[in-house]
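None of the values given here were measured: they were computed from a predicted structure.
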Amino acid sequence: MSEVKNLLILPRLRVQNANAISSPMTWGFPAMSAFVGLMHALERKLYAAGINVSLGNVGVICHDFDAQATEGGYIRGFHLTRNPVDKTGGTAAIVEEGRIHLDITLIFTIDSAASESEHEYIAEKIGEIVSGMRVAGGSVIPNRSVPSHKQRPQWVALDDNEEKRQKQFAKLKRRWLPGFALTLRDDYLTEHHQTLQQQNPEASLLDAWLDLSRLNHYCVLENEGQSNEKPVWQVQRPYRGWLVPIPVGYGAISDLFPPGEVANARDAQTQFRFVESVYSIGEWVSPHRMKQPEDLLWYVDNDEEAGLYRLNNDYHLRASAQ
């Protein structure tokens, strides 16, 4: 990803009832594809309003969350609503939906031919439009827990001078605390897969993904062979940090079909292809640990010839080099 020049920041948005089911195999924070979809929808709305800007990458910092699920025990259940009766008067089926309330900051890269004097107006206009949009399926509502002046949209033009640029970013990072940004750790998944294969040559990437997605408890004997010998349970973690399984896009499982050939497709003017979710490992990182704005930004990184439609993030490139 090339060096970022301008950032559009929407601080401390309160999102109610966002989609907590991020993929067929994961739940919790919404998938990053939902925020990329928001970015594309926002760009179209801005164009319709006569504001020609280009939004290229998106980052999300989560300050607070409230999953709408039962607490306690090993099994959780979503808080579900009872649908109205159907047309026969019988009980309608429950469609399981996972919801989560979020307090987030959105960061977009933005490019425009507009003059510097117009930046504040564009930022305010973007804030107005987003307040009426769905964010990961959730509704944007007033955030009563944060003063209004801390919720104002902001256009930040990053300086070309590296020292001044770092000072700008340091100031932004302080405003984003407390909070955590979701980053990509493809490197952990690849490295752990190689480690498992040393123990079991038949270990797959799925085995590595599942192993990193859970906490593995194992028992050791303390004071083994002595009279005060006792078992102690410990947690095995191959890497430090707050690691989570995440979907990162889609992989093709069919050829491309001409427009209109597949019945009931959403768009009859676009080629169609069946896909399935692609997964990786993510890490929640506090903004104060990041060295540059590119660390928290996600971007589209498709390989159409390979049938891969996915998102990428470059934080792991710097983190793995440390």
Side-chain angles (χ1 to χ4, degrees), residues 1-2 4 6 8 10 13 15 17-27 29-60 95-99 104 106-113 122 125-126 128-140 182 184 186 205 245-280 282 297-314:
M1 184 174 65
S2 58
V4 173
N6 298 283
L8 192 285
L10 302 178
L13 298 176
V15 182
N17 289 328
N19 183 17
I21 302 178
S22 54
S23 77
M25 295 180 65
T26 58
W27 82 279
F29 197 77
M32 286 305 302
S33 56
F35 297 102
V36 172
L38 167 72
M39 179 178 69
H40 292 160
L42 174 60
E43 192 175 58
R44 290 194 295 269
K45 285 181 176 291
L46 288 170
Y47 182 79
I51 302 175
N52 297 328
V53 299
S54 174
L55 304 176
N57 312 307
V58 60
V60 183
V95 178
E96 188 163 347
E97 296 178 339
R99 299 183 179 88
I104 59 175
L106 292 177
I107 302 101
F108 302 103
T109 59
I110 185 169
D111 288 307
S112 172
I122 294 175
K125 188 66 176 179
I126 289 176
E128 292 176 6
I129 293 176
V130 170
S131 66
M133 296 178 66
R134 291 280 186 174
V135 178
S139 304
V140 179
L182 186 61
L184 181 66
D186 277 354
L205 271 173
I246 58 171
V248 292
Y250 304 94
I253 57 174
S254 77
D255 295 329
L256 276 171
F257 295 98
E261 183 171 321
V262 178
N264 301 320
R266 181 178 297 180
D267 185 356
Q269 308 300 319
T270 306
Q271 291 179 310
F272 185 92
R273 170 176 268 173
F274 290 96
V275 297
E276 62 182 1
S277 294
V278 174
Y279 300 92
S280 188
L297 296 171
W298 290 74
Y299 57 94
V300 176
D301 188 21
N302 294 337
D303 184 350
E304 295 188 15
E305 291 187 4
L308 186 61
Y309 308 90
R310 65 161 296 173
L311 305 178
N312 214 336
N313 165 258
D314 291 340

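Rounding to the nearest 0.5 Å gives a distance of 10.0 Å between CD1 of I126 and CD of E43. Taking CD from E276 and CE from M25, the interatomic distance works out to 10.5 Å, rounded to the nearest 0.5 Å. Here CG of L46 is found 8.5 Å from CD1 of I122. Values are rounded to the nearest 0.5 Å. The line from CZ of R310 to CG of L184 is 5.5 Å long, rounded to the nearest 0.5 Å. With rounding to the nearest 0.5 angstrom, the CD1 atom of I104 is 4.5 Å from the CZ atom of F35. The structure places OH of Y309 at 9.0 Å from CG of D303, a figure rounded to the nearest 0.5 Å.
Side-chain N or O atoms of W298 include one that pairs as donor or acceptor with a backbone N or O of L182 at under 3.5 Å. Judged by distance alone, with hydrogens and angles left aside, the side-chain atoms of D301 form no donor-acceptor pair with the main-chain N or O of L311 at under 3.5 Å.
Among all heavy-atom pairs drawn from G251 and V278, the shortest one is N-CG2, 3.3 Å. Contact record, F272 with A265: CD1-CB, 3.8 Å, taken as the closest heavy-atom pair. Residues V140 and V130 approach most closely at CG2-O, 3.7 Å, considering heavy atoms. Across R273 and E304, no two heavy atoms sit closer than the pair NH1-O, 3.9 Å. The two residues V15 and V135 make their nearest non-hydrogen contact at CG1-O, 3.6 Å. Across all their heavy atoms, P259 and Q269 have their closest contact at CB-C, 3.7 Å.
A 4.5 Å side-chain heavy-atom check between I246 and T26 finds every atom pair outside the cut-off. For the pair P247/S33, no side-chain contact is recorded, criterion being any heavy-atom separation below 4.5 Å from C-beta on. Here the side chains of M39 and V300 are not in contact, with every heavy-atom distance at 4.5 Å or above. The shortest distance between side-chain heavy atoms of S139 and N17 does not fall below 4.5 Å. The shortest distance between side-chain heavy atoms of Y47 and N52 falls below 4.5 Å. For the pair V53 and L8, the minimum side-chain heavy-atom distance is 4.5 Å or more. At a threshold of 4.5 Å between non-hydrogen side-chain atoms, the residues Y279 and P245 do not count as touching. Counting only heavy atoms from C-beta outward, the side chains of L55 and T109 never approach each other to under 4.5 Å.
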Subject >> V58 vs L38, side chain to side chain contact (heavy atoms under 4.5 Å, CB included): CA-CA, chis, key distance, verdict >> reply: CA-CA 9 Å; V58 60; L38 167 72; over 6 Å; no
Original post:
Would V60 and L106 count as a side chain to side chain contact (heavy atoms under 4.5 Å, CB included) if you check the C-alpha gap in whole Å, the side-chain angles of each, and the deciding distance to 0.1 Å?
Top reply: CA-CA 5 Å; V60 183; L106 292 177; 3.8 Å; yes
Subject >> Check against side chain to side chain contact (heavy atoms under 4.5 Å, CB included), R99 and E97 >> reply: CA-CA 6 Å; R99 299 183 179 88; E97 296 178 339; 2.5 Å; yes
**OP:** Would you sort out whether I129 and L42 count as a side chain to side chain contact (heavy atoms under 4.5 Å, CB included), showing the intermediate values?
**Re:** CA-CA 8 Å; I129 293 176; L42 174 60; 3.8 Å; yes
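Between F274 and F257, the ring-plane angle classifies as perpendicular under the 30° and 60° cut-offs.
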